[in-house]
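Just follow the structure's listing: the first ligand is 1, and inside any ligand the first atom is 1. Side-chain atoms are counted along with the backbone in the values below, which use heavy atoms only and exclude waters and symmetry mates.
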Amino acid sequence: MTEQAKVNLLGFSYAEMEAFCLDIGEKKFRAQQLLKWIHHHQVDDFEQMTDLGKAFRAKLAEVAEIRAPIVLQENISRDGTRKWVLQVDGGGAVETVFIPDGRRGTLCVSSQVGCSVDCSFCSTGKQGFQRDLSSAEIIGQVWLASKTFGPRRNLGEHPVTNVVMMGMGEPLLNYDNVVRAMRIMKDDLGYGISKRRITLSTSGVVPMIDRLSQDLDVSLAISLHAPNDALRDVLVPLNRKYPLEELLAACQRYSDGVEHRHKSITMEYVMLKGVNDQPEHARQLVKLLRNRMPIKLNLIPFNPFPHSGYERPAKPDVLAFHKYLNDNGLMTTIRTTRGDDIDAACGQLVGEVMDRTRRAERWQQTVFLRTGAGDAHNAPQQ
Ligand code: SAH
Ligand code: SF4
């Protein structure tokens with residue numbers, strides 16, 4: 001008989017932790033203590049949980065574990081941005097980025113290994129899709145970042161003040177695990193981050209926007225990138241399934257769904273030289289977005305990566321585009337690039353991982369062919 005795999009408590013919500021405690025014959029209020037040790041103090045060794053009885057700790061060590069992804073690499077940019085390359089089970093790797101900005105510390109979290117949407121300007125998309133991250137692997141990124149900066153003394157007193165689901169992957173295509181992880185981010189027994197400071201960015205999975213509206217209150221960002229369907233079909237292939245009018249109708253429902261939900265929905269617009277940055281595109285954008293729910297448009301000058309085939313527009317062109325939109329009633333900001341010296345900017349996430357992942361993939365395929373085994377967990381990391 002093989003040894004029973006231990007259950008990883010890192011991705012458990014409050015309700016799941018209570019159920020687990022009952023399951024192993026403990027009182028359910030123990031869930032609170034466990035969650036605080038895990039998420040307030042980033043403790044992963046049950047022995048250190050000193051307010052739990054000895055027998056309970058021994059039982060926990062036997063059946064459970066607290067296991068975050070393994071840090072393969074940590075880079076610190078000259079602007080203070082940090083990037084972690086994390087190894088996840090099965091040979092893949094994802095990236096997490098921390099962006100300090102005054103009192104604010106924003107963590108950019110990944111939701112999948114690779115991405116199936118395959119936007120034409122995104123390096124993650126070029127990598128293809130490997131698999132969804134588990135809720136433990138998603139919240140594990142917040143856990144690791146918090147651990148790096150030391151245990152917090154009180155709720156809210158740690159450098160991760162904001163989370164954006166803008167790392168690798170399409171979060172709404174890994175819905176259940178992303179929502180579970182976001183619940184822990186919001187929960188006071190987790191990270192106590194308010195709904196306004198958690199933003200989910202999506203390329204536009206319409207049915208899942210509606211589901212999210214029912215399930216959890218967080219800020220929404222939409223990767224728009226084009227002012228008409230013909231162009232968006234090319235840049236964001238998911239548009240062929242959920243075209244602009246359907247997407248904007250879902251945004252309207254999201255905005256209307258909860259009273260006083262949020263100030264606005266963010267529309268992200270990556271600026272690609274000669275592709276979507278012309279005055280005509282600005283005019284179309286104004287037409288498309290006026291008289292809708294409150295919107296904040298965020299221009300992201302393209303961050304280049306090898307063989308992308310796209311270029312970043314010249315600064316005066318970005319400024320002129322920005323000015324036209326603002327002058328015509330669209331609240332618009334330009335996103336400053338952070339951490340580009342360590343390849344941590346938007347759309348650059350994968351960098352060295354791509355090779356590593358590809359190599360691991362090839363290796364796994366070889367193992368598969370040689371042994372016929374489906375489990376590549378023991379593949380060596382290269
Ligand atoms: N999959 C989600 C979230 C991750 S991408 C989504 O697409 O919304 C986070 C943001 O970075 C998206 O708006 C994405 O379109 C943008 N992005 C991707 N590649 C980029 C690049 N090379 N330069 C600038 N922004 C990019
Ligand atoms: Fe996936 Fe977002 Fe990249 Fe598109 S932009 S390929 S949805 S990660």
- request: Considering the heavy atoms of G125, write down every atom of ligand 2 situated less than 4.0 Å from one of them.
  value: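 Those atoms are 6 (S).
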message: Show the atoms of ligand 2 that are less than 4.0 angstrom away from any heavy atom in S203.
response: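 Those of ligand 2 that fall under 4.0 Å from S203 are 7 (S).
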Considering only non-hydrogen protein atoms, determine which one is nearest to [atom] and report residue, atom name and distance to 0.1 Å.
atom	answer
atom 3 (Fe) of ligand 2	C122 SG, 2.4 Å
atom 2 (Fe) of ligand 2	G169 O, 4.5 Å
atom 1 (Fe) of ligand 2	C115 SG, 2.3 Å

Just which atoms of ligand 1 are under 4.0 Å from any heavy atom in [X]?
X	result
F302	21 (C), 22 (N), 23 (N)
H225	13 (O), 14 (C), 15 (O)
E268	10 (C), 12 (C), 13 (O)

query: If we ignore angles and hydrogens, is there a donor and acceptor under 3.5 Å between the side chains of N8 and R67?
result: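 Note: N8 and R67 side chains miss the donor-acceptor criterion.
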query: Does atom CZ of R292 have more than 12 heavy-atom neighbours, drawn from other residues, nucleotides or ligands, at distances under 6.0 Å?
result: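 Yes, CZ of R292 has more than 12 neighbouring heavy atoms, counting only those of other groups under 6.0 Å.
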query: Should C119 be listed as contacting ligand 1, given a heavy-atom distance under 4.0 Å as the test?
result: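 No, C119 has no heavy atom closer than 4.0 Å to ligand 1.
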- request: Decide whether the shortest distance between a heavy atom of G167 and an atom of ligand 1 is less than 4.0 Å.
  value: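 Judged by the 4.0 Å heavy-atom criterion, G167 does count as contacting ligand 1.
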- request: Pick one of side chain, backbone, both or neither for how D118 approaches ligand 2, counting any non-hydrogen atom pair under 4.0 Å.
  value: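 The part of D118 near ligand 2 is the backbone, not the side chain.
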- request: Give a yes or no on whether C119 keeps an N, O or S atom under 2.8 Å from atom 4 (Fe) of ligand 2.
  value: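 Under 2.8 Å: C119 contacts atom 4 (Fe) of ligand 2 through an N, O or S atom.
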Structural part of F121 in contact with ligand 1, heavy atom criterion under 4.0 angstrom: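 Looking at F121 and ligand 1, atoms from backbone and side chain both fall under 4.0 Å.
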